[in-house]
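One-based numbering, in listed order, for ligands and for the atoms of each.
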Amino acid sequence: MEMAVAMGATAAWGQLTGARSEIPWHERRDIYPEGVASGDPDSNSLLLWTRCPVNDGTNAGKLVVELAEDESFHQVVATTEAQISEASDWTCRVLVGGLKPARIYWYRFTDANGNGSRVGRAITAPNDDDTRPVRFAFVSCQNATQGAQNAYRRMIFEDERAAEQDRLGFVLHLGDFIYEIVWYPEDRPQGMYDRRLRDIVRYQHGEKIHDFHIPTTVGDYRAIYRNYLHDPDLQDARARWPFVCMWDNHEYSWLGWQGLQRFGTTNRPAQTRKVAANQAFFEYQPARLFKPSGSSLDQFDPPRVTDAPITHFDEHGLGQEQNNLAAIHSLRGYRALRWGRNVELIITDQRSYRSEEPTYRSEAQVFSTDTFPGFMPEEVLEILDAGSAFNSGHPPVSIVYGGGEVANFRRDQPPTTILGAEQKAWFLERLGRSKATWKIWGDTVATLDMRADPQNLPPGLTRPWPGKGYAGFDASFGAGDHSTAYVERGEIYDFVRDNGVTGFATVAGDRHSFWAGLAAKGLPPKKFEPIGIAFITGSISAPGMVEALEHRLPKEHPLRAVFVGQGPADVRPQPTFNLLLRHGIKSCLEYARSGDINKARALSNPDLSPHVSFVDMGGHGYAVVRVTSEDFETEFVLHPSPA
Ligand SMILES: [Fe+2]
């Protein structure tokens, strides 16, 4: 029960023997418009959720919650009351403990008039010594204003038909559950790429920036969660499986970091919005989060903050302004979950504590040019990432680029951290002492290098490549994940190697593309020394780079062939970006010349991406992991564009 108090949830305790329900429940889904959900199971407890907006005062702010061992509620093992109030936007979280491990339960909510929620299905985790195989899905990036969430429909379809032992235990959601930036249909009558814009949310207090809208108050953030949850595919998925959710950037702000927002090249204080985003996440995601503020069981109790300038940063890049610290500490999301003998899931927060992303800075824009879309020299990325730590503490005064030199604006600043010092210490400690077969890092952002070899462009096709060798990718291609946080990633991977951590696997999202490969801190010509495996899932529905490039890259661009090229017989552009990242420039140019994929692959550059065994920059869908004491298997389930 202490756990329940710490998490701000109402608590109940399961009985050993069940009894038939005596509640006069009749289903009224209209009274619970966002459905039901369960989250963060462990081997003896579950967190249950619903929302029931009180309109006429008849249910007195209370719901009865029942949890049963059977779908018809003849074996009810826990019954309790849940408080609902306007202060938490009529949502509630109920922790039910004393349950059996590795078991399916059903739950429902009923108001004083017998108006009942739909029935949800939840599953407890197995005991720590349970050696049975584990299956779970991991997902990210659902944009309900730009696409359909039918990936969940497929997931449900597959699961209902699977044998009992092959069904999913839970769904890990690695963020961008919502997209806070919203184009209203009238803002872009032409739609987004090939997609139509759905009119699902209007912010009451929204701010318009360029041609999109962002939330500014907790009411705005709540509104977007509510409207996303009206999607039947998403709502059915939340009712079928426990979700384990971690926010990424869009739960707060597109290019946000700590308590700041960023639009263009300007950081602006937004501590009040960070608190509002945390509050809405707390209210809408049943998750085992720690909130130090307030003592209420059912309410977030937001700390009072103001949007004050953040000017002083410590040696880890953490803004020391007190409203910033209060805002980012108002909800702690990083946590670990055990699922039997084989799985420990360690989930981290990549947005609240991170230092400023150097490639977003205005001084870094000089390294990007339209001639080489997205490309940024790898040696530049390394210098910008490491800051004062580059070259064992001897960073260059200027960076050689093309024929000239650019001032190294990072030479007096600490290396980039995405985790922040405190969370990183927790993460490494947790990783080091885990006894599970597989230590799975749930990282909302990708770790696998995204690399191209523009040094292999034939002379004359375009201007000479201004870098020394390989290219990584800049902010316009989504830079700022763990693939270019070289120092921090290296520190983590060295820890894994030096401490003999076995079974280290990373599952990630954010990149809107599917990747499978090996975790290594260096690539050729540096030493290539894999220490684990890594997977990235594509988006549930948000547009990916292939869609964007088909529209954004001019038809006559000399490098179109390496992104969305066409062979002589192709009637439409092909995602040759995949070839570029896996095999290199020469393969792409061969494909554009002959249209022969085998000839193209024969020109593969073996030093480009020895860490990548699969990449798909064009697909959408989800990933399913199956682990045993011997194997770790990831299946990518792709479906046509959810436009
Ligand atoms: Fe995303």
Ring pair (Phe, Tyr, Trp, His ring centres under 6.0 Å) between Phe614 and Phe636, intermediate numbers included: CA-CA 10 Å; Phe614 177 83; Phe636 293 145; 5.8 Å; yes
Quick check for you: to the nearest 0.5 Å, what is the distance between Leu523 atom CG and Glu378 atom CD?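 Atom-to-atom, Leu523:CG and Glu378:CD are 6.5 Å apart.
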Decide, counting backbone as well as side-chain atoms, whether His250 has an N, O or S atom less than 2.8 Å from the Fe ion (ligand 1).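 No, outside the cut-off.
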N/O/S atom of Tyr179 under 2.8 Å from the Fe ion (ligand 1), yes or no? yes
When Ser483 is tested against each of Arg511, Arg451, His611, Arg489 for side chain to side chain donor-acceptor pair (under 3.5 Å), which residue passes?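 Of Arg511, Arg451, His611, Arg489, side chain to side chain donor-acceptor pair (under 3.5 Å) with Ser483 is met by Arg511 alone.
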Would you say that Arg135 contacts Val625 through its side chain, given a criterion of any heavy-atom pair below 4.5 Å between the two side chains? no
The Fe ion (ligand 1) is nearest to which N, O or S atom of Asp176?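 Minimum-distance N/O/S atom of Asp176 relative to the Fe ion (ligand 1) is OD2.
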